[in-house]
Structures are given as C-alpha cells and as structure tokens.
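Proteins come first, then strands; the chains are lettered A, B, ... in the order of their sequence lines, and each starts at number 1. Below, all heavy atoms of this structure are taken into account, side chains as well, without hydrogens, waters or symmetry copies. Computed from a predicted model, the values in this text were never measured in an experiment.
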There are 2 protein chains.
Amino acid sequence: MKDPQLKQPLAAGALVYASLKEQIVNLTLPPGTALSEKETALQYQVSRTPVRESFVRLAQEGLVVVLPQRGTRVSLIDSELVEEARFMREQLERAVIRLACDRFPEELLLQLDANLEEQRLSIQKHDSKQMFELDEEFHRLLFQGCRKQGTWNVIQQMNAHLNRSRILWLASDPDWLKLYEHHHTMLKAIRLHDADGAERLMQEHLRLSISDLPKLKEQHPDFFR
Amino acid sequence: MKDPQLKQPLAAGALVYASLKEQIVNLTLPPGTALSEKETALQYQVSRTPVRESFVRLAQEGLVVVLPQRGTRVSLIDSELVEEARFMREQLERAVIRLACDRFPEELLLQLDANLEEQRLSIQKHDSKQMFELDEEFHRLLFQGCRKQGTWNVIQQMNAHLNRSRILWLASDPDWLKLYEHHHTMLKAIRLHDADGAERLMQEHLRLSISDLPKLKEQHPDFFR
DNA sequence: AGTTCCATACTACCATACAAGTATGGTAGT
DNA sequence: ACTACCATACTTGTATGGTAGTATGGAACT
C-alpha cells in the first residue's frame with residue numbers, strides 16, 4: 001500500500017503555504033499580525049527556506065506584506081480592493097450565468113442539484129461555515145460548466161481580500177434561506193434558458209450576499225486599511 | 001544626493017524575476033524552453049536562492065511549470081486560458097467603459113489624449129512594439145480612471161497567456177490604424193457620455209484586436225498545448 | 001530631567017552545502 | 001543483437017551560516 005498522496009511525496013514547503021493561507025483567510029491570523037521566518041519555521045518544524053518560499057507566494061497574492069529587513073505581517077484588508085473584487089465578480093458572474101442559460105452540461109446540473117440539497121441540510125443544522133463553502137462551490141460549478149474554470153481561479157485570487165470581509169460578515173447572521181432560494185431559482189432559470197431572468201437574479205444575489213463594508217469597518221477598524 | 005531607487009537598495013532577487021518575466025512574455029524565451037536554477041544563477045551572477053524565488057513567483061503566474069526533481073520549463077500557451085482571458089477582458093472592459101461614460105476624471109482624459117497622440121506617431125513610424133505598449137497603456141488608463149486599478153492588475157495576470165499570443169499576432173501586421181480610430185471614437189463617446197455606443201465599440205475593438213487563435217496555432221504548433 | 005548616541009537583538013536577504021528523486025548512457029548478461 | 005541493470009550526472013527541495021539593514025533600550029552627556 002502506497003501513500004495516498006503519491007503525487008506529493010515531498011510537500012513540506014507547499015504545506016506551510018496552504019496552512020498559512022487557510023489561517024489568514026480564516027482570520028485565525030488576523031490582519032496586522034506580525035510573522036517571522038524563523039518563528040514560523042520553528043512552529044512547523046522546517047527550515048526557513050520553505051517558509052520564505054511561502055511568504056513570497058503569499059506576498060504575491062497580497063495576503064502578507066513584507067518590508068525588507070523590517071518584518072512580515074498579515075496584510076490589512078484593503079476596502080478599495082474589496083469593492084473592486086465585488087465589482088469584478090458581479091460582471092463576470094452575470095456574463096457566465098447567461099452562458100449557462102445557453103448551454104450547460106447535464107452532469108454539472110446534477111452536481112448543482114446535489115449541492116443545493118446539501119445547502120438545505122446545512123441551513124437546518126445552522127452550520128454557517130459549511131454553508132459558506134457550499135455557496136462558493138455552487139458558484140464555482142457554474143463557472144466550470146461554462147468552461148471558465150481559469151476565470152474562477154483568477155477571481156479567487158482577488159477574493160483574498162473579499163473573502164476575509166465575508167468571513168467577518170458571517171458573524172452578522174446572514175439570511176441563508178434567502179440565498180438558498182436564489183440559488184434554487186437561478187438553477188431553474190438555467191434549465192428554462194431564461195438568460196435575462198437569471199442575470200437579474202444573479203445581480204441581486206451578489207449584492208445581497210456581499211458584505212456591508214462600512215459596518216464591518218466600524219466593528220473592526222484595526223482590520224482595515 | 002541619494003540613490004534614485006531609495007526604495008529598492010537590494011533588489012537582486014526581484015531583478016531576475018522581472019528580467020525572466022520580460023523575456024518570457026517577449027517570447028525571447030519561447031514556450032517549452034528548459035530552465036535550470038543553477039544555470040540561470042550563473043547567468044545572472046547570483047546564487048540559486050533568488051533564482052528559485054523567481055521561479056516560484058513565475059510558477060504561480062503560470063509562466064513556468066516546475067516538475068519536482070525533473071526540471072523547470074517555460075509553460076506552453078494554453079489556448080483554453082487565452083480564450084478565457086479574452087472573455088474575461090471583454091466583460092470587464094465593457095463594464096468599465098460604461099462607468100467611464102458616467103464619470104471620468106479630467107486629468108486622465110488628458111492623459112488619454114496624449115497617449116492617442118503618441119499612438120499616431122508610432123503608427124507613422126511603423127513601430128509595432130511601441131504601439132502595442134501604448135494600446136495596453138490606453139486600456140490601463142481607462143481602468144485607472146474608474147478606480148479599478150486592482151482589477152486591471154488581476155487581468156494582467158491572466159494575460160500572461162493572452163499577451164504571448166498577441167505578441168505572435170504582431171507578426172501578422174495588424175491594422176493599427178483601425179484600432180487607433182477605435183480608441184479615438186471611444187474617447188469621444190466617453191466625453192459625450194454615450195455608454196451604449198462606447199460599449200459596442202469596445203466589444204468590436206476587443207474582438208478585432210485579439211488574435212485569431214487557430215491560425216497562430218497552425219503557424220507555431222510547438223508553442224501551444 | 002531631557003536628549004543624543006551606540007550596543008544589541010532582532011529582521012529579511014543571500015550564498016552555499018547537502019539530501020533526494022529522475023533521466024541517461026554504458027556495461028554485463030542472456 | 002538485445003535486454004536488464006546500475007553508476008553517474010543531472011534536476012529541484014531543504015537546511016544552515018553569514019551579511020546588511022532596522023528598531024530598541026540603556027548609558028553617557030548636556
């Protein structure tokens with residue numbers, strides 16, 4: 001029996017990257033937290049080299065800022081970028097769902113059905129975190145069905161900032177049931193090839209599901225820039 | 001008198017990154033070229049560490065692919081991603097120019113005027129490369145005027161693939177005069193607040209200015225994936 | 001008391017040595 | 001002649017020592 005991850009026999013460096021990224025987006029490492037190559041190397045029981053590599057990647061995604069000879073810290077949330085990410089996502093998702101109404105593979109539709117069912121269960125369980133992930137998955141499947149997976153990946157990158165504010169937004173107990181209904185109706189519109197209706201829905205959906213920035217900024221002034 | 005680049009007193013690592021990126025996008029390093037940490041370290045007279053750092057960053061942008069213990073090579077142009085980049089850019093630029101028609105700072109308008117004048121001169125001089133760069137600058141200014149600089153940066157990243165194919169496309173002697181006219185008319189539409197007209201123009205402009213993929217693939221089959 | 005200066009303890013950055021996996025060419029065996 | 005095998009020369013991944021720039025706290029001076 002081989003190791004299940006036969007593709008990554010040596011993934012020491014990529015591991016700390018993934019872990020750090022997760023913690024940053026989770027806000028487990030809040031914006032402004034000071035990081036240190038040496039210290040994180042100690043924590044993960046690796047040398048400074050893979051840690052440094054992780055910092056470089058995170059810096060390129062704007063999740064950390066590194067000041068030469070001064071230090072590295074988790075980046076503050078840039079509200080300008082959050083707004084831009086919202087804008088970008090709205091434009092692209094509206095275009096994509098129009099494509100979906102024109103043509104969409106049956107298999108992906110079934111996956112969307114399954115996802116919706118899981119959403120229903122998560123709402124019953126009041127599991128906000130899982131609901132958040134299922135919501136992301138739902139939208140990702142839309143892109144995938146239109147063969148726009150790469151586009152979704154690029155969005156994800158900008159979402160580095162947007163998602164952190166959405167995590168904050170979770171605390172305000174969002175109306176998941178409403179969002180679920182949106183998803184449900186959007187899926188129906190796709191099956192009916194109702195592009196105009198689907199686009200309208202998506203627009204409203206995104207405006208609702210994306211956080212009220214000023215309020216969050218007021219509650220967590222030290223997290224923003 | 002201080003060094004003009006007071007911000008980057010030590011930029012050894014970032015330098016090789018910039019140089020490599022330039023060469024890859026220029027196709028000076030054609031897709032498929034094998035790179036080696038040790039060899040490039042020799043070329044730039046630095047150690048492997050900053051070279052490796054560059055490779056990591058380039059890999060994250062999809063400009064190189066690194067196979068552990070096997071080697072690193074310049075990535076092939078992924079025609080799927082090129083098409084996606086075209087799609088993405090069309091959606092976002094159409095939305096942005098609509099914003100521009102609503103409101104756009106006067107100063108940026110003047111910069112666009114100046115840029116157009118330079119375009120005219122470049123066409124007279126038959127300087128394709130400069131014209132290419134001025135075209136990029138023109139579109140960037142549009143984003144900047146709408147405070148969507150971050151969005152443009154994200155697009156640039158996906159353009160890693162798109163731009164390389166557009167460099168190939170330069171060889172087919174594109175109709176720069178037509179593109180110049182487009183720019184000119186778009187700028188006029190912005191001043192007249194004619195959003196619908198501007199959006200239509202932008203759509204046609206992008207469809208014309210973005211390369212005919214199948215043809216390029218036929219001429220350079222070994223560059224594509 | 002208040003201010004200046006410097007030793008010290010940090011930081012990221014770079015060079016180098018070592019480890020581990022992979023492709024390759026030559027050799028021995030059939 | 002052909003095949004299997006293994007030494008060797010690559011590759012990237014990791015660890016570590018040393019360098020240079022920066023912040024900080026205490027001592028000496030005004």
Side-chain angles (χ1 to χ4, degrees), chain A residues 1-21 24 29-76, chain B residues 1-21 24 29-76:
Chain A
M1 184 82 79
K2 277 279 189 163
D3 209 8
Q5 41 185 354
L6 65 156
K7 282 294 193 73
Q8 324 279 11
L10 359 151
L15 218 73
V16 315
Y17 164 75
S19 173
L20 285 176
K21 180 167 181 175
I24 292 175
L29 291 173
T33 306
L35 297 178
S36 155
E37 290 184 1
K38 190 188 288 186
E39 191 176 340
T40 46
L42 240 65
Q43 285 184 6
Y44 288 91
Q45 293 290 330
V46 295
S47 90
R48 303 201 313 273
T49 308
V51 172
R52 178 171 172 72
E53 182 178 311
S54 305
F55 281 13
V56 169
R57 296 176 66 181
L58 293 171
Q60 186 145 343
E61 301 183 56
L63 287 176
V64 306
V65 292
V66 35
L67 302 90
Q69 271 70 23
R70 291 173 49 132
T72 303
R73 48 185 59 222
V74 178
S75 70
L76 298 181
Chain B
M1 183 84 77
K2 278 280 191 163
D3 209 7
Q5 41 184 352
L6 66 158
K7 283 294 195 68
Q8 322 278 10
L10 358 150
L15 218 74
V16 316
Y17 164 74
S19 173
L20 285 176
K21 180 167 182 176
I24 292 176
L29 292 172
T33 305
L35 297 179
S36 157
E37 291 183 1
K38 189 189 287 186
E39 190 175 341
T40 47
L42 240 64
Q43 285 185 5
Y44 288 90
Q45 293 291 332
V46 295
S47 91
R48 274 185 51 209
T49 308
V51 172
R52 181 171 172 71
E53 180 179 313
S54 304
F55 281 15
V56 169
R57 295 176 66 180
L58 292 170
Q60 186 148 342
E61 301 183 56
L63 287 176
V64 305
V65 293
V66 35
L67 303 89
Q69 273 70 25
R70 292 175 51 132
T72 303
R73 48 184 59 222
V74 179
S75 69
L76 299 180

Can you measure Leu42(B) atom CG to dT11(D) atom P for me and round it to whole angstrom units?
11 Å
Short side-chain to backbone donor-acceptor contact, Arg73(A) and Gly32(A), under 3.5 Å
yes
Round to a whole Å and report the spacing from CD of Glu53(B) to P of dG13(D).
14 Å
Base dT12(D) to side chain Gln69(B), donor-acceptor N/O within 3.5 Å cut-off
yes
Length of the CD-P vector between Glu37(A) and dA15(D), whole Å:
13 Å
With no hydrogens and no angle check, is any side-chain donor or acceptor of Thr33(A) less than 3.5 Å from a backbone partner on Val74(A)?
no
OP1 or OP2 of dC14(C) sitting under 4.0 Å from any side-chain N/O of Thr49(B)?
no
Kindly point out which of dT14(D), dC13(C), dT12(D) is positioned nearest to the side chain of Ala12(A)?
dT14(D)
Go nucleotide by nucleotide along DNA chain C from the 5' end; which of Phe55(A) and Val46(B) gets its closest nucleotide reached first?
Phe55(A)
How about Thr40(B) and Val16(B): do any of their side-chain heavy atoms sit closer than 4.5 Å?
no
What is the distance, rounded to the nearest whole Å, between atom NZ of Lys38(A) and atom P of dC13(C)?
15 Å
Gap between atoms CG and P, on Leu35(B) and dT11(D) respectively (whole Å):
11 Å
Would you find a donor on one side and an acceptor on the other, under 3.5 Å apart, between the side chain of Thr72(A) and the backbone of Val66(A)?
no
Separation of dA23(D) atom P from Arg73(A) atom CZ, nearest Å, is 11 Å
Protein-nucleotide distance (Glu39(B), atom CD; dA9(D), atom C1'), rounded to Å
15 Å
Nucleotide opposite dA15(C) in a Watson-Crick or G-U pair, distances under 3.5 Å:
dT16(D)
So do the side chains of Leu35(A) and Phe55(A) get within less than 4.5 Å of each other, counting heavy atoms only?
yes
Do the side-chain N or O atoms of Ser47(B) get closer than 4.0 angstrom to the phosphate oxygens (OP1, OP2) of dA15(C)?
yes
Given atom CG of Leu67(A) and atom C1' of dG21(D), what is their separation to the nearest angstrom?
13 Å
For a quick test of reading the model: is some side-chain N or O of Arg48(B) closer than 4.0 Å to OP1 or OP2 of dA15(C)?
no
Paired with dT30(C) by Watson-Crick or G-U wobble geometry, both distances under 3.5 Å: which nucleotide is it?
dA1(D)
